[in-house]
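Okay, so here's the structure we're looking at.
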Amino acid sequence: MSKKIANKLENFSQWYNDIILNADLAENSGVRGCMVIKPYGFAIWEEMKQVLDKKFKETGHVNAYFPIFIPKSFFTKEASHVDGFAKECAVVTHYRLKNNDSGEVIVDENAKLEEELIVRPTSETIIWDTYKKWIKSYRDLPLLINQWANVVRWEMRTRLFLRTSEFLWQEGHTAHETKSEAIEEAEKILFLYKDFIENTLAVPLIYGLKSEREKFAGAIDTYCVEALMQDGKALQAGTSHFLGQNFAKAFDVKFASRSGNLEYVWASSWGVSTRLIGALVMTHSDEKGLVLPPKLAPYQVVLIPIYHSQEEYDAIIEKMKLISCELSSLGIRVKEDFRDTYKPGWKFSEYELKGVPVRIAMGPRDLKNNTVEFVRRDKCEKQIISFSEITSTTQSILNQMQHDLFLKAKLFQENNTFSVDNFDDFSYRINNGGFVLAHWDGSPETEDEIKKLTKATIRCIPMDAKKENGLCILTGKPSLQRVIFAKSY
RNA sequence: CGGGGUAUAGCUUAGUCCGGUUAAAGCGCACGUCUGGGGGGCGUGAGAGCGGAGGUUCAAAUCCUCUUGCCCCGACCA
């Protein structure tokens, strides 16, 4: 092995970086805090986009595109929104360069913008400024729009996929006639995300509401889905916000209601980002490299010939092309790696690093016996199967693997979820990683104090949890239900 | 923004303390060859003037000054 992957238990961060670099998903760029998403990593994002986009369309949403630049005055209209983002905004102040006397390129100070432009950290403001023009009557509602875009948040410390200064995401922005419709929309999307992430990414989640401290700047309520990574830290995987009438009021978006009154519209917004690729890596991968759930794998099956002579090569390739056609016709994504410039062993390692779910190899021995060597990535066990079984075995293994990855991750999550009733147990569990269910008195001050003492934050307040009287682990004040704490990314 | 570290070939690093031939190695790359069921072996070769600027010296990767990038810790972070 010429490529080395750090031990996952000893150095999780290094392991994570090694997986991404060796699987060729992304790399750091010449721009501080920004990454290059390489073709293989982008292919995974494209798979995600395709599945999600279809779900959005099926639920009545349409795509559109809004500008990347937001005039500062728009941005400052919603007070809590500004507070939330002010410290991490990139600002465009000039529109021209020139050469100075020494021939260096400098900013032309005479080309200062009259009003600075904010590079969008999210698009609520520009979108609501636009919606004001679009919404006049209840007949214009609901307005259900999504956009696929990049956003910029000037982060102090960055990590590939998990936190970069620029990232790709989708953001949905909807406008509704009534409060309950907007809430219903926010919840609908929450469950759409949950379904997508659990069934397609095979990443098990917890879901619920964010606390006052953790919710989106400008929202009334933030719903979230959270996943537990293999190092015991939580990762926010998606959020959906009920915005109330906050943005409608800030941007004066009113509509004539059925009863003829002018009313402010009700809003939601929601998003998931390329961070999901980070979640995927940290949930399933192992010491050998990336492990991809079949539904998202750019290649679900890779075909690798093993041969000595040209005659063997020709005969094996001919057979493999038939297999390839047959699998493709079933909608299975197949990669034929018939290159003569790399050896079989090298290819085996390469596709393990890249997490391709199924590897089918065929050598002279197989050709004679009408068999292939079949290996599924998560188990890495070889089995010899006959030609006639290839399609059925592939189909069932892909399904099984998708299922098994989820179950394995789910089991990990369950084994690392604890319920505690006093602060000592709480600290102990938090330090060892995992989700910790505990009573909390509901005050932001207590949440802050717990964060200061243990670095744990409230990941979410479960929506479907049974009510249970208890005492706050920090203050001893009464509490009606447990909330979920964890250290997080 | 505070504390610490680091910068030498495409990559990973040695050399720096204590200045002295043509700056070294592994991986990768190219070519040849033997190979071929798990990143194979052997041989040949190309490739850097040591982050940048200035200084000390007969002589600087090595010493001094300034500067820049990156990494880690902290602060910060929906």
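These numbers were taken from a predicted model, which means no experiment stands behind them.
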Starting from [atom2] on [N], measure out to [atom1] on [X] and report it in whole angstrom.
X: A/Lys487; N: B/C77; atom1: NZ; atom2: P; answer: 18 Å
X: A/Phe348; N: B/G40; atom1: CZ; atom2: P; answer: 13 Å
X: A/Asn22; N: B/C27; atom1: CG; atom2: P; answer: 17 Å
X: A/His308; N: B/U35; atom1: NE2; atom2: P; answer: 11 Å
X: A/Arg32; N: B/C1; atom1: CZ; atom2: C1'; answer: 12 Å
X: A/Glu381; N: B/G38; atom1: CD; atom2: C1'; answer: 16 Å
X: A/Glu312; N: B/U35; atom1: CD; atom2: P; answer: 14 Å
X: A/Leu353; N: B/G38; atom1: CG; atom2: P; answer: 17 Å

Checking all strands, does [X] fall into the base, sugar-phosphate, or nothing category for heavy-atom contacts under 4.0 angstrom?
X: A/Arg159; value: nothing
X: A/Lys455; value: sugar-phosphate
X: A/Lys347; value: nothing
X: A/Asn28; value: nothing
X: A/Gln236; value: sugar-phosphate

[N] versus [M] - spacing of their [atom1] atoms, nearest Å:
N: B/G10; M: B/G51; atom1: P; result: 13 Å
N: B/U12; M: B/A7; atom1: P; result: 12 Å
N: B/G26; M: B/U21; atom1: C1'; result: 25 Å
N: B/G74; M: B/G38; atom1: C1'; result: 45 Å
N: B/U8; M: B/U13; atom1: P; result: 9 Å
N: B/G20; M: B/U62; atom1: C1'; result: 11 Å
N: B/A25; M: B/C31; atom1: P; result: 22 Å
N: B/C17; M: B/A60; atom1: P; result: 14 Å

What form does the base of B/G38 take, syn (within 90° of 0) or anti?
-> anti
Between [options], which nucleotide gets closest to the side-chain atoms of [X]?
X: A/Asp340; options: B/G36, B/G38, B/C77; answer: B/G36
X: A/Arg365; options: B/G38, B/C70, B/G37; answer: B/G37
X: A/Asp366; options: B/G38, B/G37, B/C76; answer: B/G37
X: A/Ala361; options: B/C76, B/G36, B/G37; answer: B/G37

Contacts of A/Pro364 and A/Tyr342 projected onto RNA chain B by closest heavy atom; the upstream (5') one is A/Tyr342
Who pairs with [N] - Watson-Crick or G-U, where each distance is under 3.5 Å:
N: B/C1; answer: B/G74
N: B/A46; answer: none
N: B/U57; answer: none
N: B/C66; answer: B/G52
N: B/G10; answer: B/C27
N: B/C17; answer: none
N: B/U33; answer: B/G41

Show every donor-acceptor pair shorter than 3.5 Å between a side-chain atom in residues 29-43 of chain A and any protein atom, with sequence neighbours excluded, or say none if there are none.
| residue | atom | partner | partner atom | Å |
| --- | --- | --- | --- | --- |
| A/Ser29 | OG | A/Val31 | N | 3.0 |
| A/Ser29 | OG | A/Val31 | O | 3.1 |
| A/Ser29 | OG | A/Cys34 | O | 2.6 |
| A/Arg32 | NH2 | A/Glu155 | O | 3.3 |
| A/Arg32 | NH2 | A/Met156 | O | 3.2 |
| A/Lys38 | NZ | A/Asp24 | OD1 | 2.8 |
| A/Tyr40 | OH | A/Lys354 | O | 2.7 |

Below 4.0 angstrom from OP1 or OP2 of B/A75, is there any side-chain N or O of A/Lys452?
-> no
Is the side chain of A/Glu326 donor-acceptor paired with the backbone N or O of A/Ile323 at a distance under 3.5 Å, no angle test?
-> no
Taking 4.0 angstrom as the limit, do A/Lys321 and A/Glu318 come out as a salt bridge?
-> no
Output all residues satisfying side-chain contact (heavy atoms from CB on, under 4.5 Å) with A/Asp337, sequence neighbours left out; order by chain, then residue number.
-> A/Val302, A/Arg339, A/Lys347, A/Tyr351
Taking side-chain contact (heavy atoms from CB on, under 4.5 Å) as the test, write out the residues that go with A/Asn11, two or more places apart.
-> A/Ser13, A/Gln14
Pair listing, salt bridge (Lys or Arg N to Asp or Glu O under 4.0 Å) test, anchored in residues 63-87 of chain A, at least two apart = A/Lys72-A/Glu116
Determine whether any donor atom in the side chain of A/Lys343 lies under 3.5 Å from an acceptor atom in the base of B/G37, or the reverse, and answer yes or no.
-> no
Side-chain donor/acceptor contact of A/Arg163 with base of B/C77 under 3.5 Å = yes
Validation: residues 183-190 of chain A side-chain donor-acceptor distances under 3.5 Å, sequence neighbours left out:
| residue | atom | partner | partner atom | Å |
| --- | --- | --- | --- | --- |
| A/Glu185 | OE2 | A/His61 | NE2 | 2.7 |
| A/Glu187 | OE2 | A/Tyr223 | OH | 2.9 |

Worked check of ring pair (Phe, Tyr, Trp, His ring centres under 6.0 Å) between A/His81 and A/Phe216 = CA-CA 8 Å; A/His81 191 64; A/Phe216 175 72; 5.7 Å; yes
Tell me, which of residues 33-44 of chain A have any heavy atom that sits under 4.0 Å from an atom in RNA chain B?
-> none
Look at the rings of A/Tyr207 and A/Phe191 and say which category their plane angle falls in: under 30° parallel, 30 to 60° tilted, over 60° perpendicular.
-> perpendicular
For the residue pair A/Phe247 and A/Phe251, does the interplanar ring angle fall in the parallel (under 30°), tilted (30 to 60°) or perpendicular (over 60°) class?
-> parallel
